[in-house]
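One structure is given here, and the rest of the page talks about it.
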Amino acid sequence: MEGFAEFGPRMVVLTGAGISAESGVPTFRGPDGLWGRYRPEELATPEAFARNPLRVWEWYAWRRELIARAEPNPAHQTLAEMEAALPGFLLITQNVDGLHQRAGNRRVVELHGNLWRVRCPRERQVWEDHRVPLPELPPRCPTCGAFLRPDVVWFGEPLPPEEWQHAMEAAREAEIFLVIGTSGIVEPAASLPRLARVHGAYLVEFNLEDTPLTPLMDEIWRGPVSETLPRWWARFQRGK
């Protein structure tokens, strides 16, 4: 922990599915990942939605019900504590489950959208809908009657431009950049730690195993992130 006191409060965090896995939310990659059981092109593409919106929504409705039963774990709660303590804190997440917000984070950049929002493709309106279960599948726009879609980024779609721009600017300005529970293979999100490194950030990785980003790291913590991140934060506070 020695040396952290020289860094200012600009701390940026990138989270992936690994942080929510400890709350019981299935990851997409790895031996037990969802993409080992389901084909992305059948469930998470615009083409799949156009072919069979009911099938796509049945899968997302299942995920919503599963996530609704999950609770933020100590890693989520630690990130909320960090935000409260550090004026320069920003959380960038690849997750769509909303657990960071439930834990108390408000300065959140959602690169891949949010499962608790719906979007009307026809009117381009977006709003929150936390009902579980949804009363109708597929849900319809109350104004125009079109099938709504989850407000998430599907394969083949670009990231929300404002969110991505915000994330890149934060990575360039970060003094400390934490990489938590991400596989390090999903682009363009995986480029953010590299961008932070180029601009001089101190990088810390929290994961169960090595990733393609591991060689970039100044500090590595292995083990369940619900245990390692609270320990790291406690050491950081003592070292300031």
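These numbers come from the heavy atoms of this one structure, side chains and all, not from hydrogens, waters or symmetry mates. The first residue of the sequence shown is numbered 1, and numbering continues consecutively from there.
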Heavy-atom closest contact (G24 atom, L66 atom, distance): O-CD2, 3.5 Å
Interatomic distance, R106 atom CZ to E83 atom CD [nearest 0.5 angstrom]: 8.0 Å
Closest non-hydrogen atom pair between T15 and V13, with its separation: CG2-CG1, 3.8 Å
Partner of I67 under side chain to side chain contact (heavy atoms under 4.5 Å, CB included), chosen from V96, V132, V25: V25
Lys/Arg-Asp/Glu bridge criterion (N-O < 4.0 Å) met for R197, D218: yes
Exam field: side chain H76 to backbone N73, donor-acceptor pair closer than 3.5 Å: yes
Where E227 and R231 come nearest, the two heavy atoms and their spacing: O-CG, 3.3 Å
Test item: E128 and D151 side chains (from C-beta on) under 4.5 Å apart, heavy atoms: no
Side chains of R10 and L90 in contact at under 4.5 Å (non-hydrogen atoms): no
Check: F49 ring centroid to W154 ring centroid under 6.0 Å: yes
Gap separating the NE2 atom of H166 from the CD atom of E163, nearest 0.5 angstrom: 8.0 Å
Side chains of F177 and L192 in contact at under 4.5 Å (non-hydrogen atoms): yes
Polar side-chain atom of T45 near backbone of A48 as donor-acceptor pair, under 3.5 Å: yes
M217 reachable from L208 in the ILVMFWY side-chain graph, under 4.5 Å edges: no
pair R140-L148: side-chain heavy atoms closer than 4.5 Å: no
Side-chain ion pair, E136 and R131, N-O less than 4.0 Å: no
Cluster link F236 to F89, ILVMFWY, side chain under 4.5 Å: yes
Transitive ILVMFWY side-chain link L91 to M11, under 4.5 Å: yes
Salt-bridge present (R102, D97; N to O < 4.0 Å): no
Transitive ILVMFWY side-chain link I220 to F206, under 4.5 Å: no
Side-chain donor or acceptor of R55 paired with backbone N/O of L43 under 3.5 Å: no
Sub-4.5 Å side-chain heavy-atom contact between V186 and S183: yes
Donor-acceptor pair between E219 and W221 side chains, under 3.5 angstrom: yes
R64 (side chain) donor-acceptor with P133 (main chain) under 3.5 angstrom: no
P74 versus S226, closest heavy-atom pair with distance: CB-O, 3.5 Å
Verdict with reasoning, C120 to T143, per side-chain contact (heavy atoms from CB on, under 4.5 Å): CA-CA 9 Å; C120 177; T143 304; over 6 Å; no
Backbone of Q125 reached by a side-chain donor or acceptor of R122 within 3.5 Å: no
T211-E205 side chain donor-acceptor pair, cut-off 3.5 Å: yes
Side-chain donor-acceptor pair present, E81, Q77, cut-off under 3.5 Å: no
Criterion side-chain contact (heavy atoms from CB on, under 4.5 Å) on N207 and L213, from CA distance to verdict: CA-CA 11 Å; N207 213 317; L213 298 173; over 6 Å; no
Main-chain N/O of V108 paired to N105 side chain as donor or acceptor, under 3.5 Å: no
E110/R117 ion pair, N-O < 4.0 Å: yes
Side chain to side chain, P212 and I185, heavy atoms closer than 4.5 Å: yes
Co-membership, hydrophobic cluster, residues V109 and L195, 4.5 Å side-chain: yes
Worked check of salt bridge (Lys or Arg N to Asp or Glu O under 4.0 Å) between R194 and E187: CA-CA 12 Å; R194 297 185 176 92; E187 295 290 356; 3.5 Å; yes
Distance under 6.0 Å and angle within 45° of ring axis: R63 vs W59: yes
Note, W62 side chain near E58 side chain (heavy atom, < 4.5 Å): no
Stepwise side-chain contact (heavy atoms from CB on, under 4.5 Å) check, V204 with I180: CA-CA 8 Å; V204 188; I180 302 174; over 6 Å; no
Minimum heavy-atom distance L14-A189, with the two atoms named: CD2-O, 3.8 Å
Shortest non-hydrogen contact from P188 toward S191: O-OG, 2.5 Å
Criterion side-chain contact (heavy atoms from CB on, under 4.5 Å) on L99 and E71, from CA distance to verdict: CA-CA 7 Å; L99 287 175; E71 294 292 338; over 6 Å; no
Residue pair T78 / W232, side-chain heavy-atom distance below 4.5 Å: no
Distance-only polar pair, side chains of T182 and Q94, donor-acceptor under 3.5 Å: yes
